[in-house]
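These notes are about the structure you will find just below.
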Amino acid sequence: MGSLSKDAREEVIQAWYMDDSDEDQRLPHHREPKEFISLDKLAELGVLSWRLDADKYETDEELKKIREERGYSYMDFCEVSPEKLPNYEEKIKSFFEEHLHTDEEIRYCVAGSGYFDVRDHNDTWIRIWVKKGAMIVLPAGIYHRFTLDSDNYIKAMRLFVGDPLWTPFNRPHDHLPARKGYLETFGQKETAGQAVDAAA
Ligand SMILES: CSCCC(=O)/C(O)=C/O
Ligand SMILES: [Fe+2]
């Protein structure tokens with residue numbers, strides 16, 4: 001994806017299987033021993049990723065190209081921290097409720113960091129740590145949640161195709177066409193996604 005190698009992406013995006021502990025959601029929640037997951041494995045789940053230069057997002061040709069190719073016409077920013085986000089406690093709680101959306105969730109971390117957790121094909125939580133420069137797309141219909149990490153701050157660019165619809169559908173919402181479509185497209189291993197694109 002783009003001109004930078006996969007290794008460059010891994011400097012700002014890391015993923016691992018989570019432990020079962022109920023401790024503070026902002027902790028990494030690694031298993032013992034740690035079980036990291038490749039970006040190719042994320043692509044099998046439909047989770048796409050790029051590394052971009054967050055210091056030049058206003059003029060970045062690579063970002064422009066991605067937006068044009070994928071039709072991301074809408075853009076705004078979401079800053080999450082106790083000081084910056086109105087109704088912070090309520091919002092952070094709702095972000096961490098397991099949910100899906102009927103459209104892609106596209107987030108580009110331009111400052112700070114945070115965790116997007118997604119369910120794999122076995123319904124096991126994978127934690128995706130995004131840092132400055134990481135852009136990820138969660139496909140429509142994937143169950144996921146978001147939390148800040150212990151640094152308590154992220155500024156994310158939010159992209160969308162057309163008029164944005166941010167509605168979270170808390171689990172269970174298995175009857176939604178977006179969920180059924182997700183399972184049809186990504187419910188089996190080695191389906192569409194960057195892993196297949198890369199092999200082509
Ligand atoms: C870092 S953006 C805030 C989280 C969010 O918008 C969302 O929908 C999480 O699932
Ligand atoms: Fe979401």
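Every number for a ligand or one of its atoms is a count from 1 in the order of the listing. Just so it is clear, the structure is predicted and the values come from calculations on it, not from any experiment. Counting from 1, the numbers follow the sequence of the chain as shown.
Looking at H144 next to ligand 1, an N or O pair under 3.5 Å apart turns up. Taking any N or O of E105, backbone or side chain, at least one lies under 3.5 Å from an N or O belonging to ligand 1.
The protein atom (non-hydrogen) at minimum distance from atom 1 (C) of ligand 1 is F146 CZ, 3.7 Å. Counting only heavy atoms of the protein, atom 10 (O) of ligand 1 lies nearest to H99 NE2, 2.9 Å. With respect to atom 6 (O) of ligand 1, the closest heavy atom belonging to the protein is R107 NH2, 2.9 Å.
Aromatic ring centres of Y17 and H30 lie farther apart than the 6.0 Å criterion allows. Aromatic pair Y108/Y72: ring centres not closer than 6.0 Å. Between H99 and H173, the distance from one ring center to the other does not fall under 6.0 angstrom.
Geometry about the Fe ion (ligand 2) gives an angle of 90° between OE1 of E105 and NE2 of H144, rounded in steps of 10 degrees.
Under a 4.0 angstrom heavy-atom cut-off, H101 registers as being in contact with ligand 1.
Geometric assessment of R119 against the ring of Y143 yields a negative cation-pi assignment under the 6.0 Å and 45° thresholds.
With respect to the salt-bridge test (charged N to carboxylate O, under 4.0 angstrom), the residues R26 and D149 do not qualify.
Scored by the salt bridge (Lys or Arg N to Asp or Glu O under 4.0 Å) test, D55 finds K132 as partners (sequence neighbours excluded).
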